[in-house]
Structure formats: C-alpha cells, structure tokens
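Just so it is clear: chains get the letters A, B, ... in the order the sequence lines come, proteins before strands, and each one is counted from 1. Treat the numbers as computed from the prediction; the structure is a model and nothing was measured.
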2 protein chains.
Amino acid sequence: MTVPRYTPLAASLSATSPFVGPETQERATGKLFQARLGANENGFGPSPKALDVIQQAATEVWKYADPECHDLRHALAQNHKCDLHNISVGEGIDGLLGTLVRLLIGPGDVAVTSLGAYPTFNYHVAGCGGSLETVAYKDDCEDLLALIERAKSTGAKLIYFANPDNPMGSYLKGEHIVAALDHLPTGTLLILDEAYIECAPTDALCDIAFEDPRVIRMRTFSKAHGLAGLRIGYALGHPDLIAAFNKIRNHFGVNLLAQKAALAALQDPDWLAHIQRELKDARQFIYEVAQSNGLTALPSATNFVAIDCGRDEAFAKEVLEALIAQGVFVRMPFAAPQNRCIRVSCAPRVVLEKFASALPSALAQARRAHPV
Amino acid sequence: MTVPRYTPLAASLSATSPFVGPETQERATGKLFQARLGANENGFGPSPKALDVIQQAATEVWKYADPECHDLRHALAQNHKCDLHNISVGEGIDGLLGTLVRLLIGPGDVAVTSLGAYPTFNYHVAGCGGSLETVAYKDDCEDLLALIERAKSTGAKLIYFANPDNPMGSYLKGEHIVAALDHLPTGTLLILDEAYIECAPTDALCDIAFEDPRVIRMRTFSKAHGLAGLRIGYALGHPDLIAAFNKIRNHFGVNLLAQKAALAALQDPDWLAHIQRELKDARQFIYEVAQSNGLTALPSATNFVAIDCGRDEAFAKEVLEALIAQGVFVRMPFAAPQNRCIRVSCAPRVVLEKFASALPSALAQARRAHPV
C-alpha cells in the first residue's frame, strides 16, 4: 500500500490545465509580451470607482470577507429584479462551473457541449468522472438545438451553452434560446454562460424566469467589468439549485477586494457604457486590420474577434506563433473547423496597433512555411 | 424525472456553512461589531509593503493572474529551501483542504480528526461522502498518537492535525510530531495544518523532508501575514502529491492581488517579527484580563487565546452571547470539554480593551443566568 491513496477517479486523471497562462510563455521565452490579446481580458480596465474601492479597502484585507457576499448579491438582485436566493457568487465562472458540475456529475454521467467550446467546463466534467459529448459548431455558431438533441439521445444531465460564444464571438438571439427551452428533455439542466453578455447586442438577452429550474445562468466581472484578476462571478437560477451550491462551495472563497470592487463596478453603469463604446471601436479596428491583410474577421458580439486566416489549423498556428514571437499574445480555437482562426481580444488602440504591425509579417511567415 | 439531477451524494447533503460570518450576525442585529475578535484575524494588519503592492497593482486587475503562481512559489521555495514542485498555492487553506480531500476521499473513505477541530476540514470530508472519525482532545491538546491509532484501526486515508491547534491554542513540539510519524500506518496521509506556525515558539517547527510522502503541510497568509481577506495559502509536500492538485484545482483561482501581496509580505521579515512581538503582548494582555476576572487563560502558541470560563458549555455560551450583545465578536469551541471556553483573537490594544470592558458584565450576566 502506497501513500497517498487517491480515489480511483483521482488516480485515473492526469495533471493538466485548461489553459496555459501567458506568464508561462513569457518565462519560457524570457521576453514579456508587448500586447496581451489572448485571454479576452479587458485592457480598458475596470471602473475608476472600482479602483478607488480597491485602494481604500486595501487596509481591510486582514478581515475574512463575508461568506454570503450579501452586499453584492443584494445589489445584483436589484439589478436583475430577482431575489437574493436566486444568486450565488463564486470565484469567477470557473469556480461556479466547478461547483455546479460536482453537484450533478458523477462517474459516467453525461454532459454535452460544443466541440471547441470553453475547455474549463470540460476540465471540470473530467474531474468528476463525467462523460463529455461534443456537438459540432454550425456556421461558426454553437448549435443549441443539436446540443439539446444530443442531450436527449444520451440522457445528459447538463448542457453547456455560451451566449455569446467563445471562441467564435457569435451569438443567438435570446428569443431563440427561450424557444429552444421547449425542446429540452426533462432532467437536463442548461448552463447558459453569459460571460460576454454585456458586450453583446441587447437582443442577445434572454427573458427566462429566475425560478425556471431548467436553466442556470453564469455571469462574470472578468470581461466587460475588467476585474478578471480578482476572480468573481455569479450564478443566477432557481433558489433550490442556488442553495445547493452551499452544500460544497468554498464558503469563504470569494475575496474581500473582489466583493467590494464588483459592487462598485456594478454601481457605475456609465463606465460600462463607456467600455461598450470602446469595444465597438476596437472590434471595428480589428475587422479593418483583418480586411487590410486579406483576411475575414467574424462578426463579434464579444470583447474579442475571431479572424479567419483562410486556411487550416497548421496555417493559423503558424500565424499565431509568429505573432507570439513578435511579443503579441493571441490564442486560437482548439477544434476544427474553428481552428482556421486566430482570436484577438479588444484592447486600447495603442495595444491593437502592435497586433496590426505584427500581422503582415506573421502572415508572410505562415505563407512561406505553408505554401499553397 | 426532475431537474436538476444531483449526484446521489449531492442529493444527500444539506446546505450548510462551516462558520457563520460576523457580517451575518451584524445584519441580524442591525449593529456593527465594535471589536472583531472571533475569527483569529490579524487586526495588526499586513506588511505596509503588501499594502503598497495592492495599491500599485490595482490597475492590473483586468489581467488574469498567473495560474502557476510562479513568482510566489519561487520565493516560497527559497524560503523553505525546497523545490517549486513541492509547493501548490491555493485559495487559502480552506481551498487547499477542499482539493486535497477530493483527491483522496470518496464515499465511505475514512478521515480522522480531533473532536472540535477545524470544521472546514469536516465539511470537505462530508462533501466528498467520506466518513469522519473523531478523537478526543487530551488535556486541551490534539492527541496525535491517538489520532494515529484511530487511523490504524479504521484504515483511514487522512489524518487532520493542526499544530499549533485551533481552537485551544496549544501546540506539540516538532520533534514529537517527527517521532510520531514512525507510527503512521502505511497508506495514511497526515495533513499538518500549520496555519498558526508563525505565531508559535520555534520548537513547534517540524523537521520533515519535503519529499516525505506521508505528510502534507498547509500554510497560510491569513494569520501572521494579515491577508485573510485575499484568500491565499499553500501546501508543501511530495512532488507527486503536489502535482496531483493540478488534476482538479481551479487553476486560475488564486487572485492577482493575493499573489502579489503575499510575495511582498513574505519579503518583509521585519514586519513579521513586529507582528510576533505584538502577538506576544496581546496574548499577555488577554491572559491578564482573564485572570483579573477570575478566569483561566490557556497558554497560547497562536494569535488567539482560549479562556476557560470555569463552567460548562451553557455558561460559556452565555458569556459569549453577552459579549456579542455588547458589540464584541468572539467565538467558542464547538465540542466538549473545550466548549467551556471562549476564544479571543489577538488585536491592537484599543480593540482588546473593548473586550476587557465588556467581559465583567458579560460574566455577571452569565452568572445570573446560570447560578451555581
């Protein structure tokens, strides 16, 4: 008998990470990135009011934060016109997905997602011994009806669906999501990941009752609100499901500065409107950079743009690596045919210009390496 | 079939929390606490250098933090004279315990702890379907040899042992822990929770090889380093076990300001020495307050003092509630016979004086409610 004795599940898993961080790449090359455009971060930054709160509250970090995240949940409930009991705050959507998956998925249970969608969901399903079913994108959009069909045929407990979608930036109108719910099999919970919803046209919003037990929504302060480094997001759903998070979540896990900064960000709608304008301009700039390089940018409802490099994975990867070698951090989709693209985050113009400067030679390098 | 379909384990659990936060009590009474002495926080605060770093790094919170926590792990490895691969950084010891328990404990697996020891460990064991075996304290100390005996007789996979101990403040010399390891059954992992080690006499330190597969140590920045609200701690152990954390941990879960502030705190040994002197003075003050009220303070190797109220749980609870009614937040041990005590955190003198002022009338009230 050796020590430690892992569970059979833990023994079967490999050490892995859903993403390699840009810092790991920087350490490997010994050079810092000049443009950080790979992780859909918000380089425009958070509300100055959130920054003020962080500075003011720094001296309070000796205190544990409120495990109920009451003040933030209270403000969120007002914003969403729902009840406190419809909201669980967690350590970003990553943390919330981890808790939710643990509540539903045990060895052999099925979860359905799109091939090439958010890998952290897949990581959590694997970590609970679940079986993952993947459905192809359709015209660069997640195919909700096909996801639902697959859930029916496999008896899935969970469907993961992001609206808008990452990594393609596409979106489905909220009314179509609502209509699709009629087809959900009984016993399947739809995770509606709305991480990018504040970046999207308003018709992406869903009119789903908070008491509807078939859906749980995930929101974050990491994207439009610019607080990725603080790790805070929330789930919106039926009170029984929200209460179930309290069975296993790390109750004191959401840090004090995150709770305070998120509240301040929420209370600054003018800054959010400013960010939405900046994102619109940044998307337009990326579209134009793509076009002027003979590439096609996909229309984006998010804070990033997928650029179709017009060839295959190997070609896109060559472009990506040539950009990285020039100090421009970007990422690309994981699965075909989306991986013909590279994915570029919105950012202030001065940062995007580094991408614009680097792209022509990156493309030239890729064309040399992969002649038609 | 209803939705969602929880795992049998999740369905069997109750929504609960290892601790009620003081904010919950404040909301219930509508009054803010005047003295926050219940959660073993460090009211002396973190290093001013850590505060500077928080203020400077606030504008960087739009970035995700390094999922490898490389810079902090590098500094910790230097401090502990070990390798990067001996260290996993997590969202406080709470988060690390959660991950570790999930790696080892499945339904029916046994974990051993002391009756009335840290409830968050028990919460995680329950959350994984484990079976908890509890061993009585002996003379207000955790009884390591009895814990080991119980692990032998029950085939336990895990033993939880805190040195120094919470909630009593006692400690075992490091050499006795090392000697006890010889008795550990093969296949039992000892969790050595050293959350309070920086508050303790130096002979509490253990000389255990980092490569020893029988032990995993937990450390935190929440106590002596005063960063509880930021949620950051680390595990020290065998590289294989440390690598196993990467199978299921929330890779991006440790926030950016926590990583930076912890590094700054680690690099300010003068502040730690200052805190250690403050803690010594504060413990002495609490001892004297106890004595002048006819009570016995237990000698403490931590940043809190357990005060024996000299009677039973009901009496101590009355004292506690009378203190809380006067705006003084304290807690008490959960299990007999330790729950004859109240537990008071070290804090700046002005805060402790609020406790000192409130204690006589709290005792008088308890004596009226529970006449001998």
Side-chain angles (χ1 to χ4, degrees), chain A residues 1 3-7 10 13 15-18 21 23-24 27 39 41-43 45-46 51 54-55 58-68 70 91 94-95 98 103-104 106 127 157 186-187 189 213-214 226-231 241 243 246-248 250-253 255-258, chain B residues 1 3-7 10 13 15-18 21 23-24 27 39 41-43 45-46 51 54-55 58-68 70 91 94-95 98 103-104 106 127 157 186-187 189 213-214 226-231 241 243 246-248 250-253 255-258:
Chain A
M1 192 155 58
V3 59
R5 286 178 283 156
Y6 298 107
T7 65
L13 298 170
T16 182
S17 178
E23 297 80 9
T24 304
R27 284 190 292 273
E41 295 161 329
N42 178 353
L51 292 180
I54 292 170
Q55 308 241 347
T59 56
E60 292 181 51
V61 295
W62 59 272
K63 298 179 195 172
Y64 289 101
D66 177 13
E68 298 184 14
H70 175 274
E91 307 92 334
D94 284 3
L103 285 171
L104 271 72
K157 285 180 161 184
T186 322
L189 180 71
R214 299 171 299 174
L227 296 172
L230 286 185
R231 313 280 56 224
L241 177 54
N246 287 330
K247 296 178 172 193
I248 56 166
N250 185 7
H251 284 265
F252 287 81
N255 74 86
L256 184 125
L257 296 180
Chain B
M1 191 154 60
V3 58
R5 286 178 282 157
Y6 298 106
T7 65
L13 297 171
T16 182
S17 178
E23 297 81 9
T24 305
R27 286 190 290 271
E41 295 160 330
N42 177 354
L51 292 180
I54 293 171
Q55 308 241 347
T59 55
E60 292 181 50
V61 295
W62 60 272
K63 297 179 196 172
Y64 289 101
D66 177 12
E68 298 184 15
H70 175 274
E91 308 91 334
D94 284 3
L103 286 171
L104 272 71
K157 284 180 161 184
T186 320
L189 179 72
R214 299 171 299 174
L227 296 172
L230 285 186
R231 314 283 52 225
L241 178 53
N246 287 331
K247 296 177 172 192
I248 56 166
N250 185 7
H251 284 264
F252 287 81
N255 74 85
L256 183 126
L257 296 180

Taking all heavy atoms of [X] and all of [Y], pick out the closest pair and write down the distance.
X	Y	result
Glu68(B)	Arg27(A)	OE1-NH2, 3.1 Å
Leu104(B)	Tyr6(A)	CD1-CD2, 4.0 Å
Ala10(B)	Leu103(A)	CB-O, 3.3 Å
Lys247(B)	Ala15(A)	CG-N, 3.7 Å
Val61(A)	Pro46(B)	CG2-CG, 4.0 Å
Tyr64(A)	Ala39(B)	CE1-O, 3.6 Å

Can you tell whether the side chains of Glu91(A) and Arg231(B) come within less than 4.0 Å, N to carboxylate O? no
Largest heavy-atom contact set with chain B, pairs under 4.5 Å, which of Ile54(A), Asp66(A), Leu189(A), Asn250(A): Asp66(A)
Highest number of heavy-atom pairs under 4.5 Å with chain B: which of Ile248(A), Thr59(A), Leu257(A)?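 Among Ile248(A), Thr59(A), Leu257(A), the one with the most close pairs to chain B is Ile248(A).
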Find the distance between OG1 (Thr16(A)) and NE2 (His251(B)) and round it off to the nearest 0.5 Å.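 Result: 6.5 Å between the selected atoms.
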Separation between CG of Leu256(A) and CG of Leu230(B), rounded to the nearest 0.5 Å: 7.5 Å
Quick one: what part of Glu23(B) sits under 4.5 Å from any heavy atom of chain A, side chain, backbone, both or neither?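 Just its side chain gets close to chain A.
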Choice from Arg214(B), Glu60(B), Glu41(B) maximising heavy atom contacts with chain A below 4.5 Å: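 That would be Glu41(B).
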